[in-house]
Amino acid sequence: MTYTYHYPRPAVTVDCVVFGIDCVSEAGLSRQPTLKVLLIQRKLPPFQGEWALPGGFVQLDESLEAAARRELHEEAGIENVFLEQLYTFGEPKRDPRTHTVSVAYYALIKTHGYRLKAATDASDASWFNIETLPTLAFDHGQMVSVAIARLRAKIRYEPIGFELLPRKFTLTQLQQLYETILNRPLDKRNFRKKLLKMGILSVLDEKETNVAHRAAQLYQFDAKQYGALKQSGFNFEL
């Protein structure tokens, strides 16, 4: 259908800041894990050939979140991930084509579980260390900064960090994850004491395999138990 309005209106897009922890696998984290962001290389103008966040225009028949999930699947082959709305960016000149309002999301994925596949208007898709990001198209650099701040704040009061870990993990891996995201060391004794006291980790009858050091105990996040505790007023805080 064709629509005619008395006044010009801005276009609406979605953009996604996708976080992953490098070297997370079922075998464990590396000694120096890094926080990474997924970027796509733009196939079309504006900013053709430059790196940007996956995203695109919202279609008339879809919600914002549906558009974000569609773009992640179309441009990078990613689906079924933790996704949360981040912020709205509406500077009139942020897009050289027209006044475009972008609703940004951030996502958390287990990097070992996905094989990136660039498609549609993306010529490539790759992971980049947050410390060495290239210059990004549009205002995507600002979006990444806002997303990192949100992630570092929220991981302290909600257990979203488990979205980045393998299903089975050690307490060392869990601590490394938090230290990587928060960008600072944590006291080993206090960290473990707090987590174990919460009662949201299930001790598995398994230990690490194929490791050079002494095999560590494996744990699993109990989402059902956390949900029950949250309903009763429990506050996750680290």
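Bear in mind the structure is a predicted one, so any value in this text is a computation, not a measurement. Positions are given from 1, in the same order as the sequence printed here. What's counted below: heavy atoms across the whole structure, side chains too, no hydrogens, waters or symmetry copies.
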Just say parallel, tilted or perpendicular for the rings of Phe221 and Phe162, cut-offs at 30° and 60°. parallel

Go through the side-chain N and O atoms of Tyr105 and Gln85 and say whether any donor and acceptor fall under 3.5 Å apart. yes

Starting at CG of Leu164, measure out to CZ of Phe82 and round the result to the nearest 0.5 Å. 9.5 Å

Can a donor-acceptor pair be found, under 3.5 Å and without considering hydrogens, that links the side chain of Gln48 to the backbone of Lys43? yes

Hey, are Glu79 and Arg69 close enough for a salt bridge, meaning a charged N less than 4.0 Å from a carboxylate O? no

Show your working on side chain to side chain donor-acceptor pair (under 3.5 Å) between Thr172 and Arg192 and close with a plain yes or no. CA-CA 9 Å; Thr172 296; Arg192 295 189 175 196; 2.9 Å; yes

With a 6.0 Å cut-off (strictly less than), is the heavy-atom count around CG of Asp61, excluding the residue itself, greater than 12? yes

Counting C-beta onward and ignoring hydrogens, is there a side-chain heavy-atom pair between Leu174 and Phe191 closer than 4.5 Å? yes

When every non-hydrogen atom of Leu177 is compared with those of Gly161, the smallest separation belongs to CD2-O, 3.2 Å

Shortest non-hydrogen contact between Ala118 and Ser123, atoms and distance: CB-C, 3.9 Å

Are Phe236 and Phe234, when compared by the centres of their aromatic rings, separated by less than 6.0 Å? no

What's the spacing between Phe169 CZ and Glu208 CD if we round to 0.5 Å? 12.5 Å

Leu116 side chain near Trp127 side chain, heavy-atom distance below 4.5 Å: yes

Quick check for you: to the nearest 0.5 Å, what is the distance between Lys194 atom NZ and Leu186 atom CG? 9.0 Å

Other residues, nucleotides and ligands only: do more than 12 of their heavy atoms fall within 6.0 Å of CZ on Phe47? yes

Take Lys93 and Thr100 through the test side-chain contact (heavy atoms from CB on, under 4.5 Å) and record every step on the way to the result. CA-CA 8 Å; Lys93 296 183 180 180; Thr100 305; over 6 Å; no

State yes or no: do Leu196 and Ile155 share one hydrophobic cluster built from I, L, V, M, F, W and Y residues joined by side-chain heavy-atom distances below 4.5 Å, directly or via other members? yes

Ignoring hydrogens, what is the shortest heavy-atom contact between Leu83 and Ala68? Give both atom names and the distance. CD2-CB, 3.9 Å

Sub-4.5 Å side-chain heavy-atom contact between Glu158 and Lys230: yes

Give me the atom names and distance for the closest heavy-atom approach of Asp222 to Gln225. OD1-N, 2.9 Å

Are Gln176 and Pro33 packed together at the side-chain level, in the sense that at least one heavy-atom pair is separated by less than 4.5 angstrom? yes

Measure from the side-chain N and O atoms of Thr180 to the backbone N and O of Tyr178, and report whether any donor-acceptor pair falls under 3.5 Å. no

Rounding to 0.5 Å, atoms CD (Glu75) and OG1 (Thr120) come to a distance of 4.5 Å

Under 6.0 Å from the CZ atom of Arg214, do we count more than 12 heavy atoms belonging to anything else shown? no

Go through the steps for Glu237 and Arg156 under the test salt bridge (charged side-chain N to carboxylate O under 4.0 Å, His left out), then give the verdict. CA-CA 6 Å; Glu237 185 177 352; Arg156 301 289 304 270; over 6 Å; no

With side chains defined as the heavy atoms from C-beta onward, is the minimum distance between Val14 and Phe57 less than 4.5 Å? no

According to a 4.5 Å side-chain heavy-atom criterion applied to Ile, Leu, Val, Met, Phe, Trp and Tyr, with indirect links allowed, do Ile40 and Val18 form part of one hydrophobic cluster? no

In the structure I gave you, are the side-chain heavy atoms of Gln217 and Tyr219 within less than 4.5 Å of one another anywhere? yes

Should the ring pair Phe138 and His140 be called parallel, tilted or perpendicular, given that the plane angle runs from 0 to 90° and is split at 30 and 60? tilted

Pairwise distance CD(Glu65) to SG(Cys16) - rounded to 0.5 angstrom: 9.5 Å

Decide yes or no on side-chain contact (heavy atoms from CB on, under 4.5 Å) for Thr34 and Ile130, but give the supporting numbers first. CA-CA 8 Å; Thr34 55; Ile130 63 168; over 6 Å; no

Would you confirm whether Thr111, through its side chain, and Ile21, through its main-chain N or O, come within 3.5 Å as a donor-acceptor pair? yes

Among Val146, Leu182, Leu35, Val17, which one satisfies side chain to side chain contact (heavy atoms under 4.5 Å, CB included) with Leu151? Leu35

Quick one: does Arg42's side chain have a donor or acceptor within less than 3.5 Å of a partner on Pro46's backbone? yes

Taking Val101 as the starting point, is it possible to reach Leu60 by hopping between hydrophobic residues whose side chains are less than 4.5 Å apart? no

Measure across Pro54 and Leu72 and return the closest heavy-atom pair with its distance rounded to 0.1 Å. CG-CD2, 3.8 Å

Take Asp139 and Arg94 through the salt bridge (charged side-chain N to carboxylate O under 4.0 Å, His left out) test and state the conclusion after the steps. CA-CA 6 Å; Asp139 52 357; Arg94 59 173 302 277; 2.8 Å; yes

Is it the case that one hydrophobic cluster holds both Leu218 and Val203, taking links as side-chain heavy atoms less than 4.5 Å apart, direct or via other members? no

Taking side chain to side chain contact (heavy atoms under 4.5 Å, CB included) as the criterion, tell me which of Leu136, Val144, Leu133 meets it with Phe128. Leu133

For side-chain contact (heavy atoms from CB on, under 4.5 Å), just list the numbers for Met143 and Ser102, CA-CA rounded to whole Å, side-chain angles, deciding distance to a tenth of an Å, and then say yes or no. CA-CA 10 Å; Met143 290 184 184; Ser102 179; 3.5 Å; yes

Less than 4.5 Å apart, any side-chain heavy atom of Phe19 and any of Lys36? no

NZ of Lys154 to CD1 of Ile181, rounded to nearest 0.5 Å, is 13.0 Å

Identify, with sequence neighbours excluded, every residue that meets side-chain hydrogen bond (donor to acceptor under 3.5 Å, both in side chains) alongside Asp187. Asn190

Kindly work out whether a path of hydrophobic side-chain contacts (I/L/V/M/F/W/Y, heavy atoms less than 4.5 Å apart) joins Tyr157 to Leu201. no

Checking Gln173 side chain against Thr170 main chain: does a donor-acceptor pair fall under 3.5 Å? yes

Got a salt bridge between Glu206 and Lys168, using NZ or NE/NH1/NH2 to carboxylate O under 4.0 Å? yes

Using a 3.5 Å distance criterion without hydrogens, assess whether the side chain of Glu62 forms a donor-acceptor pair with backbone atoms of Gln59. yes

